[in-house]
Amino acid sequence: MFRILAICCLMLGMLLAFEPAMAQDQMVEFSSAPQQNIEMADALRQDGKIYVVVVVLLTVLIGVLFYLIALDRKVGRLEKQLKDEYVNR
């Protein structure tokens, strides 16, 4: 259970860490390289489709999280079953 909580905290921390960078309208450029226009991102933002991309990514991440939780429970049950069989010999 601790592993699941740690994974959730890690994912939440990563999401919150990148939120300020995503909320800015203009990105600050730290290098002297010329700035490139990313047409796809601008088009998605203008059409409002960027939200669809975000929803799909969040759905995938939530699905992976639920899969990890289910897998952890199954492994826990198997470990307990093996432990009980070993003790009852």
Original post:
Given Thr59, which of Leu57, Ile62, Val55, Val56 fulfils the side-chain contact (heavy atoms from CB on, under 4.5 Å) condition?
Top reply: Val55

Original post:
Given a cutoff of under 4.5 Å between side-chain heavy atoms of I, L, V, M, F, W and Y, with clusters grown through shared members, what are the other residues clustered with Val54?
Top reply: Leu58

Original post:
Just how far is it from atom NZ of Lys74 to atom CZ of Arg77, taken to the nearest 0.5 Å?
Top reply: 8.0 Å

**OP:** List, by chain and then residue number, the residues other than Tyr86 in its hydrophobic cluster (Ile/Leu/Val/Met/Phe/Trp/Tyr, side-chain heavy atoms under 4.5 Å); write none if there are no others.
**Re:** none

Original post:
Which residues satisfy the side chain to side chain contact (heavy atoms under 4.5 Å, CB included) test with Asp47, sequence neighbours excluded?
Top reply: Lys49

Subject >> Other cluster members, Val87 - Ile/Leu/Val/Met/Phe/Trp/Tyr, side-chain contacts below 4.5 Å >> reply: none

**OP:** List for me each residue that meets side chain to side chain contact (heavy atoms under 4.5 Å, CB included) alongside Glu85, sequence neighbours excluded, and say none if there are none.
**Re:** Gln81, Leu82

Original post:
Of all residues at least two apart in sequence or in a different chain, which pass the side chain to side chain contact (heavy atoms under 4.5 Å, CB included) check with Gln46?
Top reply: none

Subject >> All side chain to side chain contact (heavy atoms under 4.5 Å, CB included) counterparts of Ile69, not counting sequence neighbours >> reply: Ile4, Leu65, Phe66, Arg73

